[in-house]
Amino acid sequence: MISVIPRYLFNFVFFVLLQVLILNKIEFSGYLNPYLYVLFILTLPFDTPGWLLLLLAAALGLSVDMFLNTMGMHMAASILLAFIRPFVLARIAPRDNYETGTLPLPSYYGFPWFLKYAAILIFIHHFFYFIIESFSMINFMGILLKTIASGVFTMVVMVVTLLFTYQKKRRI
Amino acid sequence: MRNFLRFIIQHHFTFLFILLELIAFILVVSYNQDQRTIYLSSSSKLAGGLFQSMNNVEQYFSLKEVNRELSNENAFLRSQMPSSFKNSKDYFLMTGDSASPHQYKYRSCKVISNTVGKHFNYITLNKGTLDGIKPDMGVLSGRGVVGIVIKCSDNFSTVLSILNPRLKISAKLKESDFFGSVSWDTESTLYAILDEIPEHANVNLGDQVITSGFSATFPEDILIGTVEEVAHPEGDSFYKIRVKLSVDFSRLSYVEVVENIYQEQQKQIEEDTKQ
C-alpha cells in the first residue's frame, strides 16, 4: 500500500498542473471547460477508505481552486464526486465483483465499463460545479448546456489521456 | 452519548462529506465576489422575510395598545373638527379655526362592562371624575350614538345606553329636518323607535336619523341609525318609525365621551325661561 503513495502523489501534482497550465487555457465560447483533474479521484484504488477519498478530493479541489481563483468551488464539486464514487462503483460492479489488486481503469475492466463509470461521475461533478459557479437556478438551461458540452469535452480529453497509459498498464 | 458517538463513527463518511462541503461553501461565499453577493442578498431576503412574518405575528399582541392610542387620537381629532367649535351666527361663512371658542371636548374611554340582553341596559367605562367625566355627557362610538353618562365615581362611570327605555334622545331626520325622539322598545338590540315625527312629514326607508343637537348633550349631526320601517298607528298624528341602530351594542369596545362646554349655560337659560 505504501508503495503506491509516490505514484498517486505524482498523479496529484500532474493532474493539477495539467488542469491549471494547459486545460484551463481551452475555452470555446465559455461553454467548453474540461476539468480533467477529477480523473485523479476516479482512478484511486477500490479499497481507498472513505475518509481518505474525501480528504484527497478536498485537497485536490482546493489546489485547483487556488490556481484558478475560484476558491471553494472545485473543492465542493470534488468532494461531492468523492462522496458519490463508492455508490456508483457498487452500482455498476461486474457480476463477480472487483478483483483484489485491480484499479478502476479501462486496462482492467474494459473501456465500456470505464466510460460508463466516468461519465456518471463527471457529469455529476460538472453539473454541481456549474451550479455553484452561477450560484442560482435562474439560468438552469445554461447550466445544463454547459454541463453537457464541458462533460463531453472532458470525456474526450480523458479518453485521449488514458490512451497514453492504456498500453503501459496492460503490460504490467 | 456513547450511542451518539457510535452513530457518528458509523456514518463518518457522510458526516465528513457534509463537514467538508460546508467548509467548501464557506470558502465559496467568502472568497468569490459574485457568489458572495448572491449569498448575501438571498440570505438578507430570507432574514428579512422571517423578520417580516415574526413582526406580523407580534403585531397582534400590541393590538390592544394600538387600539387605545388610535381611539385617543380619534377623540383628539374630533375635538379639532369645525363642529366642535361654537359658531358665531353673525356671519354666514362657516369658520372653524382654533380661535373660535371650543364647544365640544372628546375623551376616549374603554368599555369594561356592557349588557345588551336586559330590560335596562347599562355600560361601564374605565374613566371617571378624575378624568373629567361628569354625568349628562354624551357617549359616542365611531359608528354613532351610544348613550349618556348617568353616574360617575372617581375612576368609573356608568352609561345609560340607547338600549334602555329610560333614555330618550332628541333626534331628527337628516333629509327633512323633522325632529322627534329616539327610545328603545326593548324588543331587539338592533332597533329603536323614533317617535313624534308628524304625519305630514315625508319619511323614506333608509333615511338617516341623526342627533338634533337640541339637548345640549350631543353635538348635531351624529348618526343614530337608519329608517327601517314606518308605521302610522290609527288615530295618532305621529309616525312610529323603527330605526336600525348604527352602533352594534354587542361588540362595543372603545367609545368617546363628549363634553359640551356650554351645556350648563344652555340648561340654565332654558330653566330660566320656563319659570
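Below, chain A is the first sequence line, B the second, and so on; all start at residue 1.
Across every non-hydrogen atom of Ile38(B) and Phe135(A), the tightest pair is CG2-O, 3.5 Å. Across Gly72(A) and Val28(B), no two heavy atoms sit closer than the pair C-CG2, 3.3 Å.
Interface remark: Leu62(A) contributes side-chain atoms only to the contact with chain B (heavy atom separation under 4.5 Å). Within the 4.5 angstrom heavy-atom criterion, only backbone atoms of Ala82(A) (N, CA, C, O) approach chain B.
One distance of note links CG of Leu54(A) with CG of Leu20(B); it measures 6.0 Å at 0.5 Å rounding. Separation of atoms CZ (Phe17(B)) and CD1 (Ile84(A)) is listed at 6.5 Å; rounding is to 0.5 Å. Between atom CE of residue Met75(A) and atom CD1 of residue Ile26(B) there is a gap of 9.5 Å, rounded to the nearest 0.5 Å.
Taking 4.5 Å as the limit, some side-chain heavy atom of Pro86(A) sits within range of a side-chain heavy atom of Phe13(B).
Of residues 66-75 of chain B, not one residue has a non-hydrogen atom less than 4.5 Å from any non-hydrogen atom of chain A.
Annotation: Phe76(B), atom CZ; neighbour count of heavy atoms from other residues, nucleotides and ligands within 6.0 Å does not exceed 12. The number of heavy atoms from other shown groups lying within 6.0 Å of NZ (Lys105(B)) does not exceed 12.
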Can you list every donor-acceptor pair under 3.5 Å that links chain B to chain A?
unit_1: Glu21(B); atom_1: OE2; unit_2: Leu80(A); atom_2: N; d: 3.3
unit_1: Asn32(B); atom_1: ND2; unit_2: Met71(A); atom_2: O; d: 2.8
unit_1: Gln35(B); atom_1: NE2; unit_2: Ile132(A); atom_2: O; d: 2.9
unit_1: Gln35(B); atom_1: NE2; unit_2: Glu133(A); atom_2: O; d: 2.9

